[in-house]
Each structure stands twice: as structure tokens, then as C-alpha cells.
Protein chains: 2
Amino acid sequence: MAIFSKTCEYAIRAVFYIAHKTANGGRVGIKDIATGIVSPELYLAKILQDLSRKGLISSYKGPNGGFFIEPTSLSKPLSEIVEAVDGDSLFYGCALGLKQCSEVNPCPLHNDFKAIRDKIHLLLNTTTVGEFNNELMNGLFSLKK
Amino acid sequence: MAIFSKTCEYAIRAVFYIAHKTANGGRVGIKDIATGIVSPELYLAKILQDLSRKGLISSYKGPNGGFFIEPTSLSKPLSEIVEAVDGDSLFYGCALGLKQCSEVNPCPLHNDFKAIRDKIHLLLNTTTVGEFNNELMNGLFSLKK
DNA sequence: ATAATAAAAGACAAAAGTATCTTCTATTAT
DNA sequence: ATAATAGAAGATACTTTTGTCTTTTATTAT
Ligand code: FES
Ligand code: FES
């Protein structure tokens with residue numbers, strides 16, 4: 001099992017792509033994004049519409065329209081994207097699938113797993129949407145499958 | 001998304017259950033296990049048959065038959081269970097779904113994620129199947145959904 | 001031998017996730 | 001007005017995961 005759903009992988013890659021493409025203004029179309037991150041265009045469109053509805057990214061209709069990210073949104077943590085797509089079970093759920101992760105009735109892995117879960121949460125809370133713009137422009141990081 | 005598949009959650013809970021029930025000899029039947037960890041009996045049966053085929057647990061047919069775990073198997077790491085059920089993508093796969101996680105063509109999350117991934121791997125490599133037998137017998141840990 | 005018990009196996013079914021296609025509407029640059 | 005682009009909605013399909021049902025086989029107490 002991967003740590004994120006496929007939908008969430010597409011979402012994160014797309015958001016990084018949009019961020020670094022529009023950090024200095026402009027918009028980027030769905031075709032461009034789908035090609036840039038190698039993902040099924042129409043499926044990605046649905047995902048981005050959802051993220052747009054939730055205010056995590058912005059869009060503009062009409063010619064030269066497309067998706068973009070508000071400068072202020074560039075500092076949003078990646079955890080918001082993950083939570084919007086995959087929910088928060090990665091941050092708060094029990095590793096062994098107990099209905100409720102709790103200190104009073106923990107599963108055997110609780111203590112060790114909680115520490116790891118918190119690290120994941122911290123990573124995604126402190127990583128921002130626009131954090132890798134420079135590296136992405138320099139081609140140091142890849143978003144292509 | 002949870003960190004393990006539902007199948008893997010059942011598998012781990014069942015293995016812990018069998019381990020602490022049969023650490024001092026004896027066998028435990030599928031009905032008992034399914035009740036003990038609150039899981040669909042027939043689905044769990046398939047999972048356990050698979051683990052048995054792979055030698056991670058043992059079984060005995062006939063009256064008073066059932067599943068058990070060899071004393072030597074109690075010291076096997078939990079990672080073997082996880083790998084048998086969910087594969088190794090949790091340990092080696094790219095967080096953002098790139099075909100290949102690599103240093104030369106990394107995704108933006110590669111560095112930070114690799115550290116977390118390694119912690120998960122270490123946790124599962126150092127946690128053994130029989131590690132929680134005492135706590136489970138004392139009711140300190142729960143395996144029930 | 002027989003009956004009881006449980007594992008094993010295969011077919012099937014339901015649900016969720018992933019993906020595609022089509023149609024229509026809204027917006028805006030030209 | 002026209003063309004370009006995204007939003008929205010709904011139908012459909014494919015795949016994987018999860019779960020159920022039925023039958024067969026193996027073992028052993030009696
Ligand atoms: S109870 Fe399982 S992780 Fe907390
Ligand atoms: S390339 Fe994505 S985690 Fe290594």
C-alpha cells in the first residue's frame with residue numbers, strides 16, 4: 001500500500017505543478033498540468049475542481065484561463081491538500097484499524113505508531129505548497145510518473 | 001487513507017491474537033480468532049490460509065485443530081506480515097506515486113519522506129510477532145475493532 | 001469406520017476507487 | 001459574435017478491494 005491514494009498523489013503533484021508555474025503570475029490549463037505530471041486529464045479535472053471548490057487552488061474561466069495559486073495560498077501547508085482528498089485518518093486513525101485510536105484502549109502498535117504518525121503530520125504541516133518552486137523550476141525535482 | 005490495507009490490519013491483529021493465545025501451546029480456531037479481533041470470519045480465513053502457505057503462521061487440521069505460531073516464529077518481525085499482504089511499496093515506494101523512488105530523479109517530498117519511510121520500516125522490522133503477548137494476556141492492549 | 005472438526009479452494013458478489021465520455025453552462029479575451 | 005477555457009453534472013466502465021457462499025480435503029477422537 002502506498003501512503004496516499006492515487007487521487008491524492010495526483011492532487012499533490014498537480015498543486016506543486018500549478019504553484020511553480022504560476023508563482024510569478026499567469027495561469028496554467030488542465031491539459032498542460034495533466035501532461036506535466038503525467039495523469040489522466042479528465043480524472044485530474046475532477047480532482048482540481050474539487051480542490052478549487054474547497055478554496056485550495058484558484059481558477060479562471062475563458063481564454064487564457066486556467067488554474068493558478070494565490071500568492072497567499074503558496075504558504076498553505078500540504079496537509080490541507082491531503083486532508084481534503086484522503087481525509088485525516090492518516091493523522092489520527094489507528095494503525096490496526098480500531099474504530100478509535102485512544103490512549104485508554106490502544107492497539108499494540110499505538111505508542112510507536114503515534115510517534116510516526118505525528119512525524120508525518122508535522123512534515124505535511126510544515127511543508128508548504130510553494131516550498132519547492134525554485135527546485136522545480138531548476139528541474140531538481142520531478143513530478144512526472 | 002489508512003497506512004495499511006484492511007486486509008493487512010486483519011492480518012496483523014490476527015497474528016497478534018494467535019501468538020498470545022498459543023504461546024504456551026495449543027491451537028486456536030478460526031471462529032475464535034474472528035470473534036477475538038472482530039473481523040469477517042470467512043474473509044479472515046482466506047488471509048490466514050495465505051499467511052500459513054507463506055509459513056508465517058502454522059495450522060493443524062482435525063478435531064482440536066486450528067492455527068498456532070511456532071515458538072521460533074514468535075520472534076519474526078512484523079514487517080514480514082506486512083510485506084506478505086501489502087507488498088513493500090510502503091517501505092520503498094515514492095510518496096507521490098512516481099514509478100521509481102530514486103535519488104537521481106526524486107519527487108519534492110523524497111528527502112523528508114524517505115526518513116519517515118525508514119522509521120516505519122525500522123519499527124516493523126524491530127517489532128516481533130510475539131512481542132506483546134504479556135500485555136495482550138493482561139488486557140493492556142486491544143485487538144477488537 | 002464414522003463422525004466431528006477445521007483447513008483449503010474456487011466461484012461469486014458487493015463496494016470502493018480509478019478512469020473515461022458526453023453534454024451543458026458560465027465566463028472572458030478577441 | 002466567436003472562440004477558448006473552466007465549471008458542473010451524469011452516465012458508464014474498469015479495476016481492486018473486501019466480503020460471502022459452497023464444496024472439497026485432511027485430520028483425528030471415538
Ligand atoms: S490505537 Fe492503534 S494507533 Fe492508537
Ligand atoms: S522519489 Fe518520491 S519518495 Fe523518493
Side-chain angles (χ1 to χ4, degrees), chain A residues 1-14 18 21-22 25-35 37-69 84-87 89-90 96-97 145, chain B residues 1-14 18 21-22 26-69 82 84-87 89-90 97 145:
Chain A
M1 280 257 302
I3 195 136
F4 301 126
S5 70
K6 238 171 188 3
T7 305
C8 193
E9 291 173 356
Y10 292 148
I12 298 175
R13 301 219 304 270
I18 299 170
K21 281 279 185 175
T22 69
R27 296 143 197 160
V28 54
I30 182 69
K31 268 183 219 303
D32 186 345
I33 305 169
T35 307
I37 70 169
V38 185
S39 72
E41 180 187 329
L42 294 166
Y43 188 59
L44 182 63
K46 297 228 157 184
I47 300 171
L48 295 186
Q49 279 162 27
D50 184 46
L51 292 181
S52 174
R53 234 177 282 121
K54 289 175 174 158
L56 296 169
I57 62 180
S58 309
S59 68
Y60 206 83
K61 294 176 182 181
N64 301 320
F67 293 92
F68 62 103
I69 296 191
V85 177
D86 276 352
S89 59
L90 185 60
L96 298 190
K145 187 183 333 185
Chain B
M1 281 261 298
I3 194 134
F4 301 126
S5 70
K6 238 174 187 1
T7 305
C8 194
E9 291 173 354
Y10 292 149
I12 298 175
R13 301 220 305 273
I18 299 170
K21 281 279 186 175
T22 68
R27 297 142 198 161
V28 54
I30 183 70
K31 268 184 219 303
D32 185 346
I33 304 169
T35 306
I37 70 170
V38 185
S39 72
E41 179 187 328
L42 293 166
Y43 188 56
L44 181 63
K46 299 234 150 180
I47 301 171
L48 295 187
Q49 279 161 27
D50 184 45
L51 293 181
S52 172
R53 233 176 284 121
K54 288 173 176 160
L56 297 168
I57 61 179
S58 311
S59 69
Y60 206 83
K61 294 178 183 179
N64 300 318
F67 292 94
F68 63 101
I69 295 190
V82 172
V85 177
D86 277 353
S89 59
L90 184 60
K145 187 181 336 183

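Heavy atoms only: backbone and side chains are in, while hydrogens, waters and symmetry mates are out. Just so it is clear: chains get the letters A, B, ... in the order the sequence lines come, proteins before strands, and each one is counted from 1.
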### Query
Is there a side-chain polar atom (N or O) of B:Ser59 under 4.0 Å from OP1 or OP2 of C:dA6?
no

### Query
Does the side chain of A:Tyr10 get closer than 4.0 angstrom to OP1 or OP2 of C:dT18 through an N or O atom?
no

### Message
Tell me the interatomic distance from B:Ile18, atom CD1, to C:dA7, atom P, rounded to whole angstroms.
### Response
9 Å

### Message
Counting only side-chain nitrogens and oxygens, does B:Thr7 get under 4.0 Å of the OP1 or OP2 atom of D:dT18?
### Response
yes

### Message
Tell me the interatomic distance from B:Ile30, atom CD1, to D:dT27, atom P, rounded to whole angstroms.
### Response
19 Å

### Query
Would you say the side-chain atoms of A:Ser89 pair up with the backbone N or O of B:Met1, donor to acceptor, closer than 3.5 Å?
yes

### Task
Could you tell me the separation between the CD1 atom of A:Ile33 and the C1' atom of D:dT5, rounded to a whole number of Å?
12 Å

### Query
Over how many whole Å does the gap from B:Arg27 atom CZ to D:dA26 atom C1' extend?
13 Å

### Message
Which residues in residues 46-58 of chain B have a heavy atom closer than 4.0 Å to any atom of DNA chain D?
### Response
B:Lys46

### Query
How close or far is atom P of C:dA7 from atom CG of B:Leu44, stated in whole angstroms?
10 Å

### Message
If I take atom CD in residue A:Glu9 and atom C1' in nucleotide C:dG17, what distance separates them, rounded to the nearest angstrom?
### Response
13 Å

#### Entry: First encountered from the 5' end of DNA chain C, between A:Cys8 and B:Pro63
B:Pro63

### Query
What's the NZ-C1' distance between A:Lys6 and D:dT17, to the nearest Å?
15 Å

#### Entry: Difference in axis direction between the ends of the helix from C:dA1-D:dT30 to C:dT30-D:dA1, five pairs, 10°
10°

### Query
Can B:Asp50 and B:Lys54 be counted as an ion pair, charged N to O under 4.0 angstrom?
yes

### Message
Counting only side-chain heavy atoms from C-beta out, which of C:dA29, C:dT20, D:dG7 sits nearest to A:Phe67?
### Response
D:dG7

### Query
More 5' along DNA chain C: A:Lys61 or A:Tyr43, using each one's nearest nucleotide?
A:Tyr43

Please list every donor-acceptor pair under 3.5 Å in which a side-chain atom of residues 28-44 of chain B meets a protein atom from a residue at least two apart or in another chain.
residue: B:Asp32; atom: OD1; partner: B:Tyr17; partner atom: OH; Å: 2.5
residue: B:Thr35; atom: OG1; partner: B:Lys31; partner atom: O; Å: 2.8
residue: B:Tyr43; atom: OH; partner: B:Thr7; partner atom: OG1; Å: 2.6

### Minimum side-chain heavy-atom gap A:Asp86-A:Phe4 below 4.5 Å
yes

